[in-house]
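Worksheet for the structure shown next.
All chains are named by letter (A, B, ...) in the order of the sequence lines, taking the proteins before the strands, and each is independently numbered beginning at 1.
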Protein chains: 2
Amino acid sequence: MAQETINQILDAAEDKARTGGYNAFSFREIAKDIGIKSASIHYHFPTKADLAAQLARRYTEKFHTHLLSISESGNDLHQQLSDYANLFYQALRTDQKMCLCGLFAAEMNVLPDDVKKETRLFFETNLQWLETLLNSHEIDNPKNEALKLLAKMEGAMLMAKAFESEDYFQEAIDLSQYK
Amino acid sequence: MAQETINQILDAAEDKARTGGYNAFSFREIAKDIGIKSASIHYHFPTKADLAAQLARRYTEKFHTHLLSISESGNDLHQQLSDYANLFYQALRTDQKMCLCGLFAAEMNVLPDDVKKETRLFFETNLQWLETLLNSHEIDNPKNEALKLLAKMEGAMLMAKAFESEDYFQEAIDLSQYK
DNA sequence: GTCTATAATTTGATAGAC
DNA sequence: GTCTATCAAATTATAGAC
């Protein structure tokens with residue numbers, strides 16, 4: 001199955017990209033990890049930009065699936081926001097790694113255009129989901145509150161990376177105002 | 001003067017590191033920028049890890065100087081925090097670049113140990129300054145509030161990078177609770 | 001689809017002349 | 001302190017056999 005190899009490539013690439021960014025993964029390393037040759041990766045992804053763009057796209061799509069699942073729970077605002085924060089926290093906790101798009105955003109200036117576009121889409125997807133949620137609970141300035149919440153998530157992740165401890169994420173996240 | 005060359009090297013390296021992180025600057029590129037040869041850089045900084053560690057150290061020291069200047073102003077809490085946020089905003093606005101240590105923090109896992117240490121020191125310096133400020137104004141939980149403020153700064157910077165507009169920084173920063 | 005082989009470039013780093 | 005020259009390794013990418 002071709003799709004299986006593609007998934008293996010993306011999995012290996014994501015692992016490395018979330019560790020050190022766009023320059024932290026190479027065709028040869030990925031190939032070695034999954035037991036094929038780098039030339040085979042080029043068959044599936046002609047250029048590194050293609051691979052990275054697909055990486056960001058898949059990451060965003062998976063994330064979006066989780067967002068929809070939170071929406072459909074019908075839980076109250078505070079619970080949904082807690083579940084939202086938990087998406088980021090679990091990424092830290094289970095993988096010990098940064099948010100892929102958070103890392104890409106920091107490197108925005110050196111990313112190929114397609115990767116830039118997909119990275120930005122991750123943030124837009126998050127903002128839109130947050131805004132809809134906040135709006136449906138009659139929060140003032142939902143657009144601005146959404147941006148502040150997203151910044152809080154990514155900022156908290158950065159704290160966890162800076163101090164090399166997931167605990168800093170939880171300490172930096174405070175959602176008590178939405179109770 | 002030797003120090004002048006060293007500063008030129010660090011300036012050129014900082015410019016590139018703040019654009020794309022640890023892997024975004026090379027000895028050859030820096031050398032070309034300032035009109036010397038890469039071998040000459042190795043005379044001043046034996047390894048890339050040495051150069052990056054000094055980069056983070058200088059960045060933190062400069063930042064600390066600004067922090068002290070804000071403290072000494074004797075302004076009220078809200079004004080000092082606004083000035084603090086402005087340190088980050090100006091870095092975005094004048095250089096169109098991310099916080100060096102914010103970017104390094106995102107890449108923490110792939111940094112040489114010395115660079116890791118210096119990067120962490122930037123965040124500890126910020127936390128300590130914030131905690132002292134908040135404490136002197138009798139804010140509850142100054143340690144935790146300091147962490148939340150620092151996360152807010154770095155998160156807001158990331159939003160600005162993600163959407164490629166400094167405006168997002170200002171929108172994500174809200175210090176009205178300290179008025 | 002995967003392979004071998006290889007091109008073209010860039011990288012960090014060192015030896016030794018001046 | 002800066003240079004030339006060079007090394008060894010790694011990078012993205014392609015051509016062509018199987």
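A sub-4.0 Å separation between OP1 or OP2 of D:dT11 and a side-chain N or O of A:Ser26 is present. Taking 4.0 angstrom as the limit, B:His42 places none of its side-chain polar atoms (N or O) nearer than this to OP1 or OP2 of C:dA15. In this structure, B:Lys37 does not reach the D:dC3 phosphate: none of its side-chain N or O atoms is under 4.0 Å from OP1 or OP2. Residue B:Tyr43 has a polar side-chain atom (N or O) positioned under 4.0 Å from OP1 or OP2 of D:dG1. Put simply, B:Ser40 has no side-chain N or O that comes within less than 4.0 Å of OP1 or OP2 on D:dG1. Within the structure, every side-chain polar atom (N or O) of B:Thr5 is placed at least 4.0 Å from both OP1 and OP2 of D:dG1.
Across D:dT4, C:dA13, C:dT4, the shortest atom-to-atom separation from the side chain of B:Ala39 is found for D:dT4. In this structure, of D:dC3, C:dG12, D:dA13, it is D:dA13 that holds the atom nearest to the side chain of A:Thr47. Looking at the side chain of A:His44, the nearest of the listed nucleotides C:dA13, D:dA13, C:dG1 is C:dG1.
Checking side-chain atoms of A:Arg18 against main-chain N and O of A:Asp95 turns up no donor-acceptor pair under 3.5 Å.
Relative to the six-membered ring of B:Phe123, A:Lys161 misses at least one condition, a distance below 6.0 Å or an angle of at most 45° to the axis.
Rounded to whole Å, atom C1' of D:dA13 lies 14 Å from atom CD1 of A:Ile30. Between A:Lys32 atom NZ and C:dC3 atom C1' there is a gap of 18 Å when expressed in whole angstrom units. In this structure, the CZ atom of B:Phe27 is 23 Å from the P atom of C:dT9, given to the nearest Å. Nucleotide C:dT2 holds its C1' atom 12 Å from the CD1 atom of A:Ile41, rounded to whole Å. To the nearest angstrom, P of D:dT11 lies 8 Å from NZ of A:Lys48. Rounded to whole angstrom, the span from the NZ atom of A:Lys16 across to the C1' atom of D:dA10 amounts to 14 Å. For A:Asn23 and D:dA10, the CG to P distance is 16 Å, given to the nearest whole Å. Residue B:Ile34 contributes atom CD1, which lies 12 Å from atom C1' of D:dG1 at whole-angstrom precision.
A:Ser38 pairs in a side-chain contact (heavy atoms from CB on, under 4.5 Å) with only one of the listed residues (A:Arg28, A:Glu29, A:Lys32), which is A:Arg28.
Using a 4.0 Å cut-off between charged nitrogen and carboxylate oxygen, A:Asp11 and A:Arg58 count as a salt-bridge pair.
Using a 4.0 Å heavy-atom cutoff across all strands shown, B:Phe25 reaches sugar-phosphate atoms only and no base atom.
The aromatic rings of A:Phe169 and A:Tyr89 lie parallel to each other, with less than 30° between the two planes, well short of the 60° mark.
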